[in-house]
Amino acid sequence: MHSSTAGHVRRMPAIGAVVALAAGMLVTLAPTAHAAAGAALPFTSVEAESAAGTGTRIGPDYTQGTLASEASGRQAVRLAAGQRVEFTVPRAANAVNVAYSVPDGQSGSLDVYVNGTRLAKTLPVTSKYSYVDTGWIAGAKTHHFFDNARLLLGRDVQAGDKVAFESTGTQVTVDVADFEQVAAAATQPAGSVSVVSKGADPSGNGDSTQAFRDAIAAAQGGTVWIPPGDYRITSSLNGVQNVTLQGAGGWYSVVHTSRFIDQSSSSGNVHIKDFAVIGEVTERVDSSPDNFVNGSLGPGSSVSGMWIQHLKVGLWLTGNNDNLVVEKSRILDTTADGLNLNGNARGVVVRDNFLRNQGDDSLAMWSLYAPDTGSSFVNNTISQPNLANGIAIYGGTDISVRNNQISDTNALGSGIAISNQKFLDPFSPLSGTITVDGNTLVRAGAQNPNWNHPMGALRVDSYDSAVNATVNITNTTITDSPYSAFEFVSGGGQGYPVRNVNVTGATVRNTGTVVVQAEAQGTAAFKNVTATGVGAAGVYNCPYPANSGTFSLTDGGGNSGWSSTWSDCSSWPQPGQGNPEPDPNRNLAKGRPATATGSQDVYTPGKAVDGDANSYWESANNAFPQSWTVDLGSSYAVRRLVLKLPPSAAWGARTQTVTVLGSTDGSNFSTVVGAQGYRFDPATGNTATVPLPSGANLRYLRLSVSANTGWPAGQFSEVEAYLGS
């Protein structure tokens, strides 16, 4: 197992904010639009933040280690006891899968309502498979907050019907619901060998391991049939070859085991299809083969229509897997990779799969011991890898990444990474032609805590050696990247070049900082790349290490919307921070990185700069003094502060005693305005204005709160900083 963790160090704080709605408020945001790229899925997903209900919306947030930052769409809905979220069903369905989170150490259930009528069935929820710690991975924090739970409704619902989930006591954060019309269970193929005929127990009480082994031995050249039921396997299967393992469908035939197949070699012709393998893996132990498939299925094999959940890795593939096809499967809630072609993969095709909530790369090719060659990831949909990349290609020859949709990468990953990070030797670097075509990346890219600067939505990385392969990146759509769209970097800090990159036909919308983040020496050609809503500048071109060589951008024509270059290599562009000097009436603090000495629950520092006067930061209680700090990105002659509390009569009048401090380096602070009491009165908008003396040049603005007559904590819903007095 591995994760993209090492790297050089630069200053770039994370961004983020969490928006809380008052109890009883309906959440009715528009659903997220989905692009054509990705898998042909048998279900339709609806975000909880687009549903109605009485819960509290959290997010959006891009801060590592927060619940909202791991959510689909970076938003979710928190339910307290008795609160509900109600989905409008988008299609005919008889089943639902819900992504959710509950506090660590807790379990419970959700009551389920269809058109106002409560079902006898409930949806169990648990933290058992969540809150994973990987202390050996540099930069990792506790992660993997969400889990998935599914339910056959026992009735058909139609488009427009209402399905609601209500907390029965445990706090539950609901992220997304997948509505599906599940076909009837398939029937036994003629001539197949049923595992039940060999003694398997479909109740799940008995140990069915030997029955599965006996059925496989008896069905050589034929099919092993897994009827509807729950089957418990207590040790892994091996010696699996020249056989088909087939179930009645992933909702009906369920094998409970944390190690399904573990074998280093096989003669091949293994076909696994149409059942579920659900494990009990609750942590990540890299030395343990806690995988659906560990090792080799052999040449000419296939995996199709599988539901794979609660394992360390879905498929960790080594040895001979030539021409393997993995398709139309779901891989959910793995503590590490979803699938990894771990060297020597020739002609492997991974297509039309859905992956959610991986604890490392969702799909990876790692050319350890021998190059992965002529293999491809095609038309997959990937959501919420919470530690590494959506798709990662670590070395290999003539690799294709085509028509995938990847969203909401977190912490240590990009949407797509094309990389020469080797992790171990012997490693085969990128060679031949690497084709990256037709992919859609949504909210992809993350703040790397090891580098202290961001990773782009699509990254080409000469981490441990130069990129000399031809890398063709075509027909790419990048939307709402929190940082940059395309990044070229030597992530190991050795300054290796990135060469022979061609970016043709890309649409970039609403990227937080720049379109191109160039940090390595080398060259790339751009043609027909259009950008709108660029946060800071078109290009950041500052090689690392300094003086290690330049990166050349060749204009092939048809480019628009990103012609400017960030002018100061001594500072990183921040999301939404443009090159020009700000308007005197522009709030310099809005959207800037904020920190504090402490915060209470979800009332985090970023809420004081999120532009929403209804959300707020609240310090640790009963522990004055407390301070709140914002990095404005550059030094400014700030002349006026506006401090706000929520403009609501529920916020009674109060006086806060505040000292204003400033710094140019973030370490040495001096007093700008001494301690004074500022009155916040809802009758006048709960707003206080603080004039600053002329000559107060500061980059870091700090407010130290030593008293509050209305609550035993520092509180600000917005802190605004202006050049104009």
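Not counting sequence neighbours, the partners of Trp651 by the ring pair (Phe, Tyr, Trp, His ring centres under 6.0 Å) test are Tyr616. A search for ring pair (Phe, Tyr, Trp, His ring centres under 6.0 Å) contacts involving Phe551 returns Phe488, not counting sequence neighbours. Under the rule for a side chain to side chain donor-acceptor pair (under 3.5 Å), the partners of Asn510 that lie at least two apart in sequence or sit in another chain are Asp480. A search for ring pair (Phe, Tyr, Trp, His ring centres under 6.0 Å) contacts involving Tyr496 returns nothing, not counting sequence neighbours. Here Asp104 pairs with nothing under the side chain to side chain donor-acceptor pair (under 3.5 Å) rule; sequence neighbours left out. Every residue two or more places apart in sequence or in another chain that forms a side-chain contact (heavy atoms from CB on, under 4.5 Å) with Gln521 is listed here: Pro497. Under the side chain to side chain donor-acceptor pair (under 3.5 Å) criterion, Thr629 pairs with Arg702, sequence neighbours left out. In this structure Asn420 satisfies the side chain to side chain donor-acceptor pair (under 3.5 Å) test together with Ser465, sequence neighbours excluded. The salt bridge (charged side-chain N to carboxylate O under 4.0 Å, His left out) check on Asp461 picks up Arg459, with sequence neighbours excluded. Residues forming a ring pair (Phe, Tyr, Trp, His ring centres under 6.0 Å) with Phe146 (at least two apart in sequence, or on another chain): none.
Taking each heavy atom of Asn587 and Ala589 in turn, the nearest pair found is OD1-N, 3.0 Å. Of all heavy-atom pairs spanning Val673 and Pro693, the tightest one is CG2-CD, 4.1 Å. Residues Thr689 and Tyr678 come closest through the heavy atom pair O-CE2, 4.4 Å. Across Thr659 and Thr671, no two heavy atoms sit closer than the pair CG2-CG2, 4.1 Å. Taking both residues in full, the closest heavy atoms of Pro482 and Pro575 are given as O-CG, 3.8 Å, listed atom of the first, atom of the second, then distance. Heavy-atom minimum distance, Gly493 versus Tyr544: CA-CE2, 3.7 Å.
Between Phe680 and Leu643 the shortest side-chain heavy-atom distance falls below 4.5 Å. Counting only heavy atoms from C-beta outward, the side chains of Leu661 and Val672 never approach each other to under 4.5 Å. Asn439 is not listed as a side-chain neighbour of Ile406, based on a closest heavy-atom distance of 4.5 Å or more. Counting heavy atoms from C-beta on, the side chains of Tyr636 and Leu698 never come closer than 4.5 Å. When side chains are defined from C-beta on, Asn614 does not count as touching Ser648, because their heavy atoms never get closer than 4.5 Å. The shortest side-chain heavy-atom distance between Trp562 and Val539 falls under the 4.5 Å cut-off. For the pair Ser484/Tyr540, no side-chain contact is recorded, criterion being any heavy-atom separation below 4.5 Å from C-beta on. Between Leu701 and Val638, every side-chain heavy-atom pair lies at or beyond the 4.5 Å cut-off.
Panel note: side chain Asn386, backbone Gln358; a donor-acceptor pair is recorded below 3.5 Å. Judged by distance alone, with hydrogens and angles left aside, the side-chain atoms of Asp361 form a donor-acceptor pair with the main-chain N or O of Asn389 at under 3.5 Å. Although no hydrogens or angles enter the test, the distance criterion places no donor-acceptor pair under 3.5 Å between the side chain of Asp133 and the main chain of Lys141. Without hydrogens or angle criteria, Ser619 side chain to Gly714 main chain gives a donor-acceptor distance under 3.5 Å. Judged purely by atom type and a 3.5 angstrom limit, Ser414 has no side-chain atom pairing as donor or acceptor with the backbone of Gly445. Formation of a donor-acceptor pair under 3.5 Å by the Ser101 side chain with backbone atoms of Phe145 is found in this model. Checked by atom type and distance alone, the side chain of Asp360 never pairs as donor or acceptor with a backbone atom of Ala388 at under 3.5 Å. Looking only at distances, a side-chain donor or acceptor of Arg592 sits under 3.5 Å from a matching main-chain atom of Asp631. For the pair Thr554 (side chain) and Ala525 (backbone), a donor-acceptor distance under 3.5 Å is absent. Formation of a donor-acceptor pair under 3.5 Å by the Trp628 side chain with backbone atoms of Pro605 is found in this model.
Considering CG of Asn410 and CG of Asp61, their distance stands at 9.0 Å, rounded to 0.5 Å. Here the CD-OG distance, from Glu49 to Ser72, works out to 7.0 Å after rounding to the nearest 0.5 Å. How far CD of Gln447 is from OG of Ser69: 12.0 Å, rounded to the nearest 0.5 Å. Interatomic distance, Leu703 CG to Leu641 CG, rounded to the nearest 0.5 Å: 6.5 Å. Separation of atoms OG (Ser481) and CG (Leu458) is listed at 10.0 Å; rounding is to 0.5 Å. Rounding to the nearest 0.5 Å gives a distance of 10.5 Å between CG of Leu645 and CG of Asp681.
In summary, the side chains of Thr63 and Thr66 do not present any donor paired with an acceptor at a separation below 3.5 Å, with no hydrogens or angles considered. No donor-acceptor contact under 3.5 angstrom links the side chains of Arg679 and Gln656, judged on distance only. Inspection of the Gln517 and Glu487 side chains reveals an N or O donor paired with an N or O acceptor under 3.5 Å. In summary, the side chains of Ser663 and Asn668 do not present any donor paired with an acceptor at a separation below 3.5 Å, with no hydrogens or angles considered.
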Where do Ile478 and Thr511 land on the side chain to side chain contact (heavy atoms under 4.5 Å, CB included) test, with the steps shown first? CA-CA 8 Å; Ile478 298 176; Thr511 187; 5.8 Å; no
Going through the distances and angles, do Lys607 and Asp612 end up as a salt bridge (charged side-chain N to carboxylate O under 4.0 Å, His left out)? CA-CA 8 Å; Lys607 295 197 178 169; Asp612 182 358; over 6 Å; no
Could you check Trp711 against Asn621 for side chain to side chain donor-acceptor pair (under 3.5 Å), going step by step and ending with a plain yes or no? CA-CA 8 Å; Trp711 196 259; Asn621 287 194; 3.3 Å; yes
Asp555 and Asn559: CA distance, side-chain angles, deciding distance, side chain to side chain donor-acceptor pair (under 3.5 Å) verdict: CA-CA 7 Å; Asp555 186 351; Asn559 301 307; 2.7 Å; yes
Any chance you could lay out the side chain to side chain contact (heavy atoms under 4.5 Å, CB included) test for Val471 and Val498, step after step, and finish with the verdict? CA-CA 10 Å; Val471 181; Val498 174; over 6 Å; no
Take Arg443 and Asp408, measure what salt bridge (charged side-chain N to carboxylate O under 4.0 Å, His left out) needs, and give me the verdict at the end. CA-CA 5 Å; Arg443 295 176 301 274; Asp408 297 306; 2.7 Å; yes
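Within the structure, the side chain to side chain donor-acceptor pair (under 3.5 Å) test picks out no pair touching residues 524-536 (sequence neighbours left out). Applying the salt bridge (Lys or Arg N to Asp or Glu O under 4.0 Å) test to every pair with at least one member in residues 706-725, sequence neighbours left out, gives these pairs: Lys644-Glu720.
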